[in-house]
Amino acid sequence: MDSVIDLVSTTYVKDEYKVDQPIDTSREVFCEVGPITRAEFASAGRNGLNPSYVFSVWAGDYKGERTVVYDGSAYAVYRTYKPPDSDYIELYVERQGGTNAKS
């Protein structure tokens, strides 16, 4: 594992007007960063997705987060894959509007 990403989870808390307000919580995990294969790019593209990276993280570190921050940019997780007989899970992510990293 040679890189670090932030896994961001969102919970909602009601404010004084009983309106749900999002609260983001992030935590750092180690990962391997890989490129998207040509087959993955074509398959995802047919479904209207624009894949950016695949991150391989220890399966015990992943708790279903839908946002990953890497190198100052936020990415949405559109697919996960756990290879058989592996302790790692692959997170396939895309950059999309509305997921820009917060400063």
Side-chain angles (χ1 to χ4, degrees):
M1 300 288 143
D2 59 354
S3 294
V4 175
I5 57 173
D6 289 317
L7 296 175
V8 181
S9 61
T10 303
T11 56
Y12 294 88
V13 176
K14 292 197 183 296
D15 64 11
E16 66 270 14
Y17 303 107
K18 306 293 186 208
V19 176
D20 286 335
Q21 297 296 324
I23 305 292
D24 290 338
T25 305
S26 69
R27 56 195 178 84
E28 289 186 347
V29 297
F30 290 101
C31 71
E32 289 287 333
V33 181
I36 296 295
T37 64
R38 193 175 313 169
E40 176 69 23
F41 191 83
S43 176
R46 282 192 292 274
N47 294 314
L49 301 171
N50 187 18
S52 299
Y53 295 102
V54 59
F55 299 106
S56 180
V57 301
W58 183 61
D61 282 342
Y62 184 65
K63 307 290 185 215
E65 292 88 351
R66 303 308 302 162
T67 303
V68 172
V69 177
Y70 173 66
D71 200 23
S73 297
Y75 299 88
V77 177
Y78 69 85
R79 179 170 86 88
T80 61
Y81 174 69
K82 182 162 184 330
D85 300 324
S86 175
D87 292 333
Y88 295 91
I89 189 167
E90 297 172 351
L91 309 178
Y92 291 83
V93 300
E94 70 170 334
R95 182 82 189 259
Q96 64 185 162
T99 60
N100 293 329
K102 296 176 182 158
S103 301

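Atoms considered below: every heavy atom in the structure, side chains included; atoms not considered: hydrogens, waters and symmetry mates. Bear in mind the structure is a predicted one, so any value in this text is a computation, not a measurement.
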Looking at Ile89 and Ala59, what are the two nearest heavy atoms and their distance? CG2-CA, 4.0 Å

Heavy-atom distance under 4.5 Å between the side chains of [X] and [Y], does that happen here?
X	Y	result
Val33	Cys31	yes
Arg66	Val77	yes
Asp2	Phe30	no
Tyr62	Leu7	yes
Arg95	Ser73	yes
Thr67	Thr10	no

What distance separates [X] [atom1] from [Y] [atom2], expressed to the nearest 0.5 Å?
X	Y	atom1	atom2	result
Tyr70	Asp6	OH	CG	12.0 Å
Ser26	Ile5	OG	CD1	11.0 Å
Asp24	Glu65	CG	CD	11.5 Å
Gln21	Glu16	CD	CD	8.5 Å
Asp87	Lys82	CG	NZ	6.0 Å
Phe41	Ser52	CZ	OG	9.0 Å

Please check this pair: side chain of Asn47 against backbone of Leu49, looking for a donor-acceptor N/O pair closer than 3.5 Å. no

Whether Arg27 side chain and Asp61 backbone form a donor-acceptor pair below 3.5 Å: yes

When you check the side-chain N and O atoms of Glu90 and Tyr88, is any donor under 3.5 Å from an acceptor? no

Is it the case that more than 12 heavy atoms not belonging to Tyr78 sit under 6.0 Å from its OH atom? yes

Look at the rings of Tyr75 and Tyr53 and say which category their plane angle falls in: under 30° parallel, 30 to 60° tilted, over 60° perpendicular. perpendicular

